[in-house]
Amino acid sequence: MCIAILTTTHPAYRYIIINNRDEFLSRPTAPATWWTPSPSPSSSSPPTHLPVPSIKIPHILSARDLARPAHGTWLGVTKEGRVAVLTNCLEKSCARAVGLRSRGGIIKGWLTAERTTATAFSEAAGEGEERSAVKDFIEELRADKDLGSVGGFNLLFGDLSESQDDGLVIISNRATDSECCSGDSVVVRKIEDGTVGNGQTVAVSNMTLAEEFDEGEKWKKISLGEELMAKAVQESLQASENENALVERLFDVLATDTLPRLPADASAEAYLGLFEESIFVPAVGKKVHHENHDQADWNATLLDPSYMEGLYGTQTQTVILIGYDGRVRFIARTLYDEEGRPLEKEKSDRSFEFMVER
């Protein structure tokens with residue numbers, strides 16, 4: 001039950017994004033670092049009759065999931081200004097939750113996509129038609145006839161480069177009833193920055209966007225996350241704190257634990273209906289011996305089932321600060337190793353800082 005919280009209410013930062021990744025602790029994960037995508041083996045020269053756009057392979061900063069062949073991610077940024085964070089939608093079955101295609105592959109597709117110049121966009125769009133990388137990516141997903149094979153997701157993403165700046169949007173491939181959206185029914189919500197005094201704080205978790213924004217009552221972790229995020233920014237400003245102090249306040253929000261406790265021998269699955277109560281999920285469940293399962297298992301070719309059992313909790317926390325000047329600070333905190341052992345702070349934090357290339 002991951003959560004991502006975005007605010008545009010701090011005058012020094014265009015966007016502040018914080019995230020908890022909740023996962024089975026035995027699921028293999030590479031820590032946050034810079035990486036460059038490998039060239040596609042199927043790539044070939046473009047047809048000679050088409051204009052050749054200027055291409056720049058992005059340098060990507062993210063942790064990576066190693067449990068599925070896609071080696072995707074749930075959160076990342078690029079030096080060129082692309083940003084994305086993904087949360088799962090709550091599904092009706094394990095098979096549906098895993099999906100035939102990786103959610104991490106969707107976000108990886110956005111972060112690794114070759115960047116086309118504004119001139120190329122203009123030539124492709126035709127006179128009078130505005131185009132951007134964000135709009136093109138949304139249209140690609142809408143045209144994807146196989147999007148139902150991906151587990152349900154909410155994706156907050158955008159391109160902050162000067163030439164293609166559409167701000168941030170949230171999209172989802174699940175409708176209110178958790179059935180797959182089709183075609184134009186893919187949900188899209190735009191997030192405004194605070195430049196015109198309309199700052200806002202928005203959290204997304206495992207509810208669908210329609211459920212969260214249009215119908216019913218938000219989960220406690222979502223409403224509490226929005227409340228505490230806004231409060232943290234306000235109190236930091238009132239105290240005239242420096243950036244490091246603000247970062248620690250934001251990590252305090254991510255560490256808010258209001259999870260009701262079950263008996264000590266309860267499995268992680270027993271908590272399923274309670275995870276929506278807490279922003280932070282401590283390690284719950286029982287340790288199990290990791291072993292490879294036979295390929296005949298229902299999803300063994302997609303994801304080793306032993307990565308979906310044992311201790312479960314908030315495995316990684318991330319704070320991203322994006323300034324109006326294009327400066328990005330990215331701090332990732334890994335809480336446990338793959339054996340479920342808490343990491344010492346000097347081993348848990350990774351901090352990065354860079355300027356978006358304009």
Side-chain angles (χ1 to χ4, degrees), residues 1-6 16-33 35 60-68 70-77 83-91 97-99 102-108 110-111 151-157 170 203-207 219 221-222 225 229 247 250-257 259 268 271-272 275-285 303 307-320 330-343 347-352:
M1 296 287 183
C2 306
I3 187 170
I5 313 172
L6 163 74
I16 298 177
I17 301 170
I18 65 176
N19 166 257
N20 274 349
R21 184 206 190 198
D22 300 340
E23 186 54 83
F24 286 99
L25 303 186
S26 65
R27 183 164 180 151
T29 304
T33 192
W35 57 280
I60 302 158
L61 174 58
S62 77
R64 301 181 75 184
D65 173 52
L66 303 180
R68 299 190 74 163
H71 287 181
T73 186
W74 63 95
L75 176 149
V77 297
V83 60
V85 56
L86 180 145
T87 63
N88 298 352
C89 290
L90 188 61
E91 298 282 21
V98 171
S102 166
R103 298 177 183 87
I106 297 291
I107 186 172
K108 181 181 176 183
W110 166 248
L111 295 174
F153 66 83
N154 300 317
L155 176 63
L156 167 66
F157 77 109
I170 310 174
V204 292
S205 183
N206 304 118
M207 299 182 75
W219 288 352
K221 71 184 305 173
I222 294 175
M229 178 74 142
V247 167
L250 298 175
F251 275 117
D252 286 344
V253 173
L254 292 175
T256 303
D257 179 2
L259 183 73
Y271 276 93
L272 189 59
F275 289 143
E276 64 191 59
E277 299 288 317
S278 183
I279 296 170
F280 179 83
V281 177
V284 296
L303 177 65
Y307 296 145
M308 298 181 65
E309 58 188 12
L311 291 175
Y312 180 96
T314 300
Q315 183 228 36
T316 307
Q317 302 173 307
T318 309
V319 171
I320 304 175
F330 182 111
I331 311 98
R333 180 170 293 176
T334 303
L335 303 183
Y336 304 95
D337 64 18
E338 291 179 15
E339 300 300 321
R341 296 172 300 213
L343 290 175
K347 296 181 180 180
S348 67
D349 284 13
R350 292 188 171 210
S351 183
F352 307 83

Kindly compute the distance separating CG (Leu156) from CG (Leu6), expressed to the nearest 0.5 Å. 5.5 Å
Checking side-chain contact (heavy atoms from CB on, under 4.5 Å) against Cys2, which of Thr87, Leu86, Asn20 comes through? Thr87
Rounded to the nearest 0.5 Å, what's the gap from NZ on Lys347 to CG on Asp337? Could you check? 9.5 Å
From Phe330 CZ over to Leu61 CG, what is the distance, rounded to the nearest 0.5 angstrom? 4.5 Å
Distance col, row Gln315:CD vs Trp74:CH2, nearest 0.5 angstrom, shows 5.5 Å
How long is the span from the CG atom in Leu335 to the CZ atom in Arg341, to the nearest 0.5 Å? 15.0 Å
Is the side chain of Arg350 donor-acceptor paired with the backbone N or O of Ala32 at a distance under 3.5 Å, no angle test? yes
Closest heavy-atom contact between Thr33 and Trp35? O-CD1, 3.5 Å
Work out which heavy atom in Ile18 is nearest to a heavy atom in Val253; give both atom names and the distance. CD1-CG1, 3.9 Å
Within the distance-only criterion (no hydrogens, no angle test), does the side chain of Thr73 pair as donor or acceptor with the backbone N or O of Gly104 below 3.5 angstrom? no
Output all residues satisfying ring-ring contact (aromatic ring centres under 6.0 Å, His included) with Trp110, sequence neighbours left out; order by chain, then residue number. Phe137, Phe157
Member of Thr314, Asp349, Thr316, Thr318 meeting the side-chain hydrogen bond (donor to acceptor under 3.5 Å, both in side chains) criterion with Arg333: Asp349
List the atom of Ile320, the atom of Leu75, and the distance in Å for their closest heavy-atom pair. CD1-CD2, 3.8 Å
Looking at the rings of Tyr312 and Tyr271, which for Trp means the six-membered one, are their centres under 6.0 Å apart? no
Main-chain N/O of Ile3 paired to Asn19 side chain as donor or acceptor, under 3.5 Å: yes
Heavy-atom closest pair (Ala268 atom, Val284 atom, distance to 0.1 Å) is CB-O, 4.1 Å
Please tell me whether Asp65 and Thr29 have a donor and an acceptor in their side chains that are separated by less than 3.5 angstrom. no
Search all heavy atoms of Ser278 against all heavy atoms of Thr256 and return the closest pair with its distance. OG-O, 3.5 Å
Going through the distances and angles, do Ile331 and Phe251 end up as a side-chain contact (heavy atoms from CB on, under 4.5 Å)? CA-CA 10 Å; Ile331 311 98; Phe251 275 117; 3.8 Å; yes
Taking all non-hydrogen atoms of both residues into account, name the closest pair between Leu311 and Gly285 and its distance. CD2-O, 3.3 Å
Taking the side chain from Lys108 and the backbone from Ala70, do they hold a donor-acceptor pair closer than 3.5 Å? yes
Please step through side-chain contact (heavy atoms from CB on, under 4.5 Å) for the pair Asp22 and Phe275, ending with a clear verdict. CA-CA 10 Å; Asp22 300 340; Phe275 289 143; 6.0 Å; no
If only atom types and distance count, is the side chain of Gln317 paired as donor or acceptor with the main-chain N or O of Leu254 below 3.5 Å? yes
Quick check against the 3.5 Å criterion: does Asn154 have a side-chain atom that pairs as donor or acceptor with the backbone of Met207? yes
Test your reading of the model: is there a side-chain donor-acceptor pair from Ser62 to the backbone of Arg64, 3.5 Å cut-off? no
